[in-house]
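Some notes on the structure that comes next.
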Amino acid sequence: MKYKSMGEKTGRWGWFFILPAVLLIFIFSFYPMVNAFILSLQSGLGNNLRFTGFRNYYRLFQDTTFLSSVANVFTYLIVQVPVMLLLALILASILNNPRLKFKGFFRTLVFLPCATALVSSAMVFRSFFAVDGIANALLLQIGLISNPVSWLTHPVWAKVIIILVITWRWTGYNTIFYLAGLQSIDHSIYEAAKIDGASPVQQFTKIILPLLRPIILLTAIMSTNGTLQLFDEVRNLTGGGPGNATITISQYIYNLSFVFNPQFGYAAAVSYMILFAVALLSFIQIKIGDRS
């Protein structure tokens, strides 16, 4: 009689326990992705769907609205992500200071914007930067402007407000990652650096940054992914306007699917462009992170 080893038995039970999760991931993630790619090769609706090959992908490079959305998203990405991650590093360093009092209060305060409902925070900022809002009232009071500024209908200022809102909301989220990484660094390393005469700036550049490199890489990839899929903040603040000055790729997909005459095949092609961009930028960031 052949007996099974303990490893074979535990391996079989292990597959049994992960099988439900694998099935759910396949049904709700991989199957929709494959189906969306097939849809991106088609045009029409319902029973009138017809295979058109890569025509939807060729159309992307002639679509001025899509190109505007790509330019807007990369503007947010290039400006907002580095500023946000740098602020998160600085805040994490401050919150990690052993001499800081009321740490719990300040950590909660930094993370609180991330826990705020998107619609609520957008409404607050819309009110703050309205023509008759607090921002104009304060600037008029101190004499920096002579007439109220329509912040959210100006092509440039609307982008600035969106970048401000994204930074306000997600800086605390990244701060938590950096704070956890800083707390894992042995305090004796800082003491040795002080004895060797290292300044706070040198400690930050020579100790903190190298040891936090894996976490910085992780947050950079997550922030890039989130920015490329940016939707809620723009939808609730400007609706993509004025014109298409602030529209994002995700909002354009939403418009193609539910606002304009439905073009699900073309919308699927646009969504795959986000996937390609996320994969490419993540690959580049990982390669750069491995070299440094």
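All values reported here derive from a predicted model rather than from experimental measurement.
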CA sep, side-chain torsions, deciding dist, call: Y272, F37, ring-ring contact (aromatic ring centres under 6.0 Å, His included):
CA-CA 7 Å; Y272 255 87; F37 179 71; 5.4 Å; yes
Side-chain donor or acceptor of R50 paired with backbone N/O of Q42 under 3.5 Å
no
Under 4.5 Å between any side-chain heavy atoms of S69 and N244, yes or no?
no
Is T75 close to Q80 at the side-chain level, that is, under 4.5 Å between some pair of heavy atoms?
no
Note, I25 side chain near F28 side chain (heavy atom, < 4.5 Å):
no
Show the numbers, then the answer: is there a side chain to side chain contact (heavy atoms under 4.5 Å, CB included) between N56 and L41?
CA-CA 7 Å; N56 286 327; L41 303 176; over 6 Å; no
Begin from the C-alpha positions of Y57 and F61 and carry the test ring-ring contact (aromatic ring centres under 6.0 Å, His included) through to its verdict.
CA-CA 8 Å; Y57 291 94; F61 300 99; 8.9 Å; no
Between F128 and I142, is there shared hydrophobic-cluster membership here, with clusters defined by ILVMFWY side-chain heavy atoms closer than 4.5 Å?
yes
With a 3.5 Å cut-off and no angle check, do the side chains of N255 and Q251 form a donor-acceptor pair?
no
Side chains of T238 and T246: any donor to acceptor distance under 3.5 Å?
yes
May I ask whether V34 and I27 are part of the same hydrophobic cluster, defined by side-chain heavy atoms of I, L, V, M, F, W, Y residues being less than 4.5 angstrom apart, directly or through others?
no
In sequence, state the C-alpha distance, the side-chain angles, and the governing distance for F51 and I38, and then conclude on side chain to side chain contact (heavy atoms under 4.5 Å, CB included).
CA-CA 9 Å; F51 181 79; I38 295 172; over 6 Å; no
Can any side-chain N or O of S121 pair as donor or acceptor with the backbone N or O of L118 at less than 3.5 Å?
yes
Side-chain (N136) to main-chain (V149) donor-acceptor, under 3.5 angstrom
yes
With a 3.5 Å distance limit and no angle check, can you tell me whether S127 reaches the backbone of M123 through a side-chain donor-acceptor pair?
no
Return yes if some donor-acceptor pair links the side-chain N/O of N236 with the main-chain N/O of V119 below 3.5 Å, else return no.
no
Between S184 (side chain) and G181 (backbone), is there a donor-acceptor pair under 3.5 Å?
yes
What class does the angle between the rings of Y173 and F177 fall in, given that below 30° is parallel, 30 to 60° is tilted and above 60° is perpendicular?
perpendicular
Between T153 and P242 the two heavy atoms that sit nearest each other are O-CG, 3.2 Å
Can you check whether L60 reaches L67 side chain to side chain, under 4.5 Å on heavy atoms?
no
Grouping I, L, V, M, F, W and Y whenever their side-chain heavy atoms are under 4.5 Å apart, do L212 and M84 come out in a common cluster?
yes
Considering all heavy atoms, the nearest S257-A267 contact:
OG-CB, 3.4 Å
For I253 and V270, the nearest pair of non-hydrogen atoms, with its separation, is CG1-CG1, 3.5 Å
State the CD1-CG distance between I185 and N96, to the nearest 0.5 angstrom.
8.0 Å
Counting distance only, does the side-chain N/O of R169 pair as donor-acceptor with the main-chain N or O of T116 below 3.5 Å?
yes
Would you tell me whether Y252 and T65 have side-chain atoms, one donor and one acceptor, within less than 3.5 Å of each other?
no
Starting from I162, can I reach Y254 by hopping between I/L/V/M/F/W/Y residues whose side chains sit under 4.5 Å apart?
yes
Once rounded to the nearest 0.5 Å, what's the spacing between atom CG of L280 and atom CZ of F276?
11.0 Å
Taking atom CZ of F283 as the centre, does the number of heavy atoms from other residues, nucleotides or ligands within less than 6.0 Å exceed 12?
no
The test is ring-ring contact (aromatic ring centres under 6.0 Å, His included); show your working for F125 and W168 and say whether it passes.
CA-CA 11 Å; F125 275 92; W168 171 83; 5.2 Å; yes
Any V81 side-chain heavy atom under 4.5 Å of T227 side chain:
yes
Does any non-hydrogen side-chain atom of Y178 lie less than 4.5 Å from one of I216?
yes
CD1-CG distance between I207 and L182, expressed to the nearest 0.5 angstrom:
11.5 Å
I'd like to know if the side chain of N72 and the backbone of S68 have a donor-acceptor N/O pair within less than 3.5 Å.
yes
Output yes when a side-chain donor or acceptor of S199 lies under 3.5 Å from a complementary backbone atom of Q202, and no otherwise.
yes
Apply side chain to side chain contact (heavy atoms under 4.5 Å, CB included) to the pair V234 and I247, showing each step before the final yes or no.
CA-CA 7 Å; V234 177; I247 193 172; 5.8 Å; no
From L237, V165, V160, L164, residue fulfilling side-chain contact (heavy atoms from CB on, under 4.5 Å) relative to F129:
L164
Student check: side-chain heavy atoms of S223 and L85 closer than 4.5 Å:
yes
Heavy atoms of S40 and A269 approach each other most closely as CB-N, 3.5 Å
Is K103 atom NZ crowded by more than 12 heavy atoms from other residues, nucleotides or ligands, each under 6.0 Å away?
yes
Quick one: does any side-chain atom of N174 pair with a main-chain N or O of W170 as donor and acceptor, under 3.5 Å?
yes
Kindly work out whether a path of hydrophobic side-chain contacts (I/L/V/M/F/W/Y, heavy atoms less than 4.5 Å apart) joins L275 to Y58.
yes
Nearest heavy atoms of I249 and V70, plus distance in Å
CD1-CG2, 4.0 Å
To the nearest 0.5 Å, what is the distance between CD on Q229 and CG on N225?
4.5 Å
Within this structure, what is the CG-CD1 distance for the pair L140 and I145, rounded to the nearest 0.5 Å?
4.0 Å
Is it the case that the side chains of Y266 and D63 hold a donor-acceptor pair, with the cut-off being a distance below 3.5 Å and no angle test?
yes
Heavy-atom pair of closest approach, residues S282 and V278:
OG-O, 2.7 Å
Could you measure the distance from the CD1 atom of I134 to the CG atom of L139? Nearest 0.5 Å is fine.
11.5 Å
Student check: side-chain heavy atoms of F111 and T175 closer than 4.5 Å:
no
